[in-house]
**Student:** 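Starting off with a structure, shown below.
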Amino acid sequence: MIRRFLGRVFSGRLFRPAQPKIIPHGTHRIDRGAISSGALRTTQSLQRRGFVAFVVGGAVRDLILGRRPKDFDVATNATPEEVRELFRRSRIIGRRFRLVHVMFGPETVEVSTFRGANPAEESDQHVADEHGRILRDNVFGTQEQDATRRDFTINALFYDPATQEVWDYHDGVADLKQRRLRMIGDPERRYREDPIRMLRAVRLGSSRGLEIDAPTRRPIRRLAGLLAHVPPSRLLDEMLKLLLSGHAAEGVAQLRKEGLHHGVLPLLDAAMGRAAGERFVIAALKSTDERVRAGKSLSPGFLFAALLWPEVNAEWKVLVEKGEPPIPALYRAMDHVIRAQAGKLAIPHRHAADMREIWAMQPRFLQRAGRRPYRLLELPRFRAGFDFLRQRCESGEIDTALGEWWERFQHAGEAERAQMLVSDAEPRKRRRRRRRGPRAAPGHGVVPGGEV
Ligand code: ATP
Ligand code: MG
């Protein structure tokens with residue numbers, strides 16, 4: 001303890017805290033008008049009471065990149081209680097590290113007190129697991145320490161709306177200008193502390209068009225296995241961010257390149273190993289990206305249904321070939337795939353329920369006679385099921401004529417619908433007349449789509 005303290009004194013760390021570069025408006029060009037009114041009011045109120053307060057993190061990064069931030073975070077030297085007292089509509093949240101949510105109409109600003117550096121380095125407390133992963137980091141600190149405990153230099157920028165200055169402790173602005181993603185500190189140690197940072201590197205790189213700096217990138221492949229020790233709920237959050245970033249196709253390709261997909265979506269790995277599976281997944285990711293960029297809504301259940309479909313489809317096919325009736329075979333394949341994935345990503349039950357519904361609808365699209373198509377149309381999740389069918393058509397898995405039929409059927413009038421049904425029912429009648437022998441297997445005609 002004493003040796004470590006003396007070491008710090010002689011290395012000058014206690015006496016010379018790093019000074020931030022103060023970047024003027026002319027260099028960073030953040031438009032103050034782009035700061036949300038909630039974030040402005042939060043920093044103003046805190047500063048008026050004599051506290052230090054900055055807009056921080058992803059919002060500052062995105063503003064300098066000329067993008068509209070999703071949300072605004074504020075960092076301050078006020079304690080959570082002091083923040084809570086200042087804003088009538090606010091509440092303290094979080095157990096691991098307490099933050100304050102300040103509400104302004106529909107907007108919520110997240111206010112956090114400057115947090116200290118990695119305590120494992122500062123004391124003898126056991127706060128990391130055997131792989132170096134930090135289990136606890138809940139100490140207050142200085143602004144400089146708060147900058148240093150953040151992941152990438154471009155995420156450690158503080159913007160003061162009052163002076164329009166950006167405080168930059170790690171040359172983040174220069175990195176942004178050069179479109180470079182660089183870890184603060186020793187990359188390997190930082191990944192060991194929190195392996196999620198590997199996924200964040202890939203996500204930020206692909207979604208913000210940044211090059212991952214070589215020393216930041218190098219250890220990833222070797223350390224990818226550490227993701228196995230991250231709680232599945234955090235993995236899910238980070239994967240959803242990647243998949244809904246509008247750059248999912250690129251992000252997933254990058255994950256594979258870095259060897260990170262094994263730990264996150266092992267079944268994706270299997271799917272991508274097959275040409276048709278890969279075509280389907282890539283088409284699904286591209287159409288997800290288009291939807292997100294067009295500002296349309298997207299359900300995580302649909303997305304996971306798409307990512308795992310090649311595996312479900314392949315297992316379904318195998319079971320049917322072994323002689324199992326198609327519908328029970330599909331359910332068995334679904335269960336198996338969901339179970340195999342569960343330990344990794346913790347797909348919540350409500351999303352898993354959506355996935356099942358979408359998958360289970362697929363063989364029903366083949367049944368185009370009698371009342372069945374009408375019943376399918378009435379299902380509350382018909383739209384998702386149909387979008388999924390279209391995706392299968394587009395990827396070449398099944399005949400596009402099927403998708404076109406359903407497109408027409410949905411929008412057709414009563415008479416046209418009836419006509420469409422008749423034409424489809426014809427072969428069935430003929431088949432029935434011919435078949436005098438043993439009964440066909442239940443669900444006859446409902447077969448897994450195309451080669452996988
Ligand atoms: P986006 O909001 O677009 O997902 P972001 O960088 O804002 O990106 P958040 O999860 O909102 O991501 O995190 C806010 C800030 O908190 C980050 O900019 C970064 O400074 C810090 N941060 C987030 N996750 C980590 C982490 N795993 N390790 C260190 N710092 C982190
Ligand atoms: Mg953010």
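Atoms within each ligand, like the ligands themselves, are counted from 1 in listed order. Throughout, numbering of the chain's residues begins at 1 and tracks the sequence. Quick caveat: nothing in here was measured; it's all calculated off a predicted structure.
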**Student:** Tell me whether the rings of F386 and F365 are parallel (<30°), tilted (30 to 60°) or perpendicular (>60°).
**Tutor:** tilted
**Student:** Is the number of heavy atoms from other residues, nucleotides or ligands under 6.0 Å of R408 CZ greater than 12?
**Tutor:**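 12 or below, so no.
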**Student:** Identify, chain by chain and in numerical order, each protein residue with a heavy atom under 4.0 Å from an atom of ligand 1.
**Tutor:** G57, G58, R61, K70, D73, R149, R150, D151, N155, D194, R197, R200, R203, R208, R234, K241
**Student:** Start with the C-alpha distance between R192 and E188, add both sets of side-chain angles, then the distance that settles salt bridge (Lys or Arg N to Asp or Glu O under 4.0 Å), and finish with yes or no.
**Tutor:** CA-CA 6 Å; R192 285 189 181 278; E188 170 156 356; 3.1 Å; yes
**Student:** Taking the six-membered ring for Trp, is the centroid-to-centroid distance between F280 and F388 below 6.0 Å?
**Tutor:**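 Close enough - the centres of the two rings lie under 6.0 Å apart.
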**Student:** Between F409 and L377, does a side chain to side chain contact (heavy atoms under 4.5 Å, CB included) hold up when you go through it step by step?
**Tutor:** CA-CA 9 Å; F409 188 73; L377 271 185; 3.7 Å; yes
**Student:** Are H28 and Y159 an aromatic pair, judged by ring center distance below 6.0 Å?
**Tutor:**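 Between H28 and Y159, which both carry aromatic rings, the centre distance is below 6.0 Å.
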